[in-house]
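All heavy atoms count here, side chains included; hydrogens, waters and symmetry mates do not. Numbers here simply count residues along the sequence, with the first being 1.
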Amino acid sequence: QVQLSESGGGMVQAGGSLRLSCAASGGTFSSYAMGWFRQALGKEREFVAAITWSGVGTYFADSVKGRFTISRDNAKNTVYLQMNSLKPEDTAVYYCAAAALRSTVLFTRPFKYDYWGQGTQVTVSS
């Protein structure tokens, strides 16, 4: 059983930056591909970014490509989401998720992920 805990959310003005962290415990972190999702009020949860178990492969939603980066530190059991040039439409609760997958494949569908964090709120004001 893997426990995930996000941190780093907050309120920022448009154009600003935030870095989210997701700390994992209770499992072998390097055995999991990791993803970030977000859910805005009244909307479905949507894919943001994912990273392979090794950190070599990454994939981003078109809406964040070029503005967000994802990275991981397997020695610290932590995955990060660096968010730059934030826009009001980035406002959402951000969740990290873990998929028991040690390959080059990355998932964008929420149901493919096995474990989820509790989420952290990101609010971008205009």
Side-chain angles (χ1 to χ4, degrees):
Q1 188 80 6
V2 175
Q3 291 81 45
L4 303 173
S5 179
E6 303 95 335
S7 60
M11 184 176 291
V12 65
Q13 287 190 330
S17 298
L18 282 173
R19 188 175 83 153
L20 305 183
S21 299
C22 173
S25 61
T28 304
F29 184 66
S30 60
S31 296
Y32 294 87
M34 300 298 295
W36 284 96
F37 291 77
R38 66 187 181 187
Q39 188 165 16
L41 197 61
K43 295 188 177 181
E44 291 187 355
R45 192 168 297 190
E46 65 173 357
F47 170 77
V48 175
I51 188 167
T52 58
W53 67 274
S54 64
V56 171
T58 59
Y59 187 72
F60 297 90
D62 287 343
S63 58
V64 307
K65 203 171 292 183
R67 300 188 297 123
F68 291 11
T69 58
I70 186 171
S71 61
R72 66 190 295 161
D73 186 336
N74 285 347
K76 295 183 178 179
N77 291 350
T78 302
V79 63
Y80 305 96
L81 184 69
Q82 178 67 43
M83 305 185 295
N84 299 327
S85 302
L86 282 161
K87 304 175 181 180
E89 51 264 43
D90 294 318
T91 295
V93 177
Y94 283 70
Y95 300 89
C96 71
L101 181 68
R102 215 164 190 258
S103 81
T104 57
V105 175
L106 287 171
F107 297 136
T108 63
R109 300 291 187 94
F111 74 89
K112 288 287 191 179
Y113 288 79
D114 304 293
Y115 302 101
W116 292 83
Q118 81 289 350
T120 185
Q121 176 71 46
V122 171
T123 303
V124 184
S125 60
S126 57

Item to complete: Determine, step by step, whether L86 and F68 satisfy the side-chain contact (heavy atoms from CB on, under 4.5 Å) criterion, reporting the C-alpha distance in whole Å, the side-chain angles of both residues, the deciding distance to 0.1 Å, and the verdict.
Response: CA-CA 9 Å; L86 282 161; F68 291 11; 3.8 Å; yes
Item to complete: For F47 and F60, run side-chain contact (heavy atoms from CB on, under 4.5 Å): C-alpha distance rounded to whole Å, both residues' side-chain angles, the deciding distance at 0.1 Å, then the answer.
Response: CA-CA 8 Å; F47 170 77; F60 297 90; 5.7 Å; no
Discussion item. Testing W36, F111, F37, Y94 one by one against W116 for a ring-ring contact (aromatic ring centres under 6.0 Å, His included), which residue passes?
Written reply: F37
Worksheet, complete the sentence: For T58 and I70, the nearest pair of non-hydrogen atoms, with its separation, is CG2-CG2, 3.6 Å
Worksheet item: Do W53 and V79 belong to the same hydrophobic cluster, where Ile, Leu, Val, Met, Phe, Trp and Tyr are linked whenever their side-chain heavy atoms lie under 4.5 Å apart, directly or via other members?
Response: no
Worksheet item: For residues D73 and T78, is any side-chain donor paired with an opposing acceptor at under 3.5 Å?
Response: no
Practice prompt. Please assess Q82 against S17 for the test side-chain contact (heavy atoms from CB on, under 4.5 Å), listing each intermediate value before the final yes or no.
Written response: CA-CA 8 Å; Q82 178 67 43; S17 298; 4.0 Å; yes
Fill in: Row check, Y32 ring normal vs R102 NZ/CZ: under 6.0 Å, within 45°
no
Fill in: For R38, the option from V64, V122, L81 that meets side chain to side chain contact (heavy atoms under 4.5 Å, CB included)
V64
Worksheet item: L20 and M34: same hydrophobic cluster, using ILVMFWY side-chain contacts below 4.5 Å?
Response: yes
Item to complete: Give the intermediate values and the outcome of side-chain contact (heavy atoms from CB on, under 4.5 Å) for residues E6 and Q118.
Response: CA-CA 7 Å; E6 303 95 335; Q118 81 289 350; 2.9 Å; yes
Worksheet item: Donor-acceptor pair, Q13 side chain versus S126 backbone, under 3.5 Å?
Response: no
Practice prompt. State, to 0.1 Å, how close G8 and L18 come at their nearest heavy-atom pair, and which atoms those are.
Written response: O-CD2, 3.9 Å
Worksheet, complete the sentence: The side-chain contact (heavy atoms from CB on, under 4.5 Å) partners of Q1 (sequence neighbours excluded) come to Q3, Y115
Fill in: Salt bridge D90-K87, side-chain N to carboxylate O under 4.0 Å
no
Worksheet item: How about K65: does its NZ atom have over 12 heavy atoms from other parts shown lying under 6.0 Å from it?
Response: yes
Response to the item:
Tightest non-hydrogen contact, residues Y113 and A33, listed as CE2-O, 4.3 Å
Fill in: Backbone N/O of V56 and side chain of S54: donor-acceptor pair under 3.5 Å
yes
Discussion item. Quick one: does any side-chain atom of T91 pair with a main-chain N or O of T123 as donor and acceptor, under 3.5 Å?
Written reply: no
Discussion item. On a heavy-atom basis, which atom in A24 and which in V2 lie closest, and how many Å separate them?
Written reply: CB-CG1, 4.4 Å
Worksheet item: Under a single-linkage definition using a 4.5 Å side-chain heavy-atom cutoff for Ile, Leu, Val, Met, Phe, Trp and Tyr, are F107 and L4 assigned to the same hydrophobic cluster?
Response: no
Practice prompt. State, to 0.1 Å, how close N74 and S30 come at their nearest heavy-atom pair, and which atoms those are.
Written response: ND2-CB, 3.7 Å
Discussion item. Tell me whether R72 forms a cation-pi arrangement with Y80, defined as NZ or CZ under 6.0 Å from the six-membered ring centre and within 45 degrees of its axis.
Written reply: no
Worksheet item: Cluster question for you: counting only ILVMFWY and a side-chain heavy-atom cut-off of under 4.5 Å, with indirect links fine, are I51 and M83 together?
Response: yes
Worksheet entry | Shared hydrophobic cluster, M11 / V93 (ILVMFWY, side-chain heavy atoms < 4.5 Å) | no
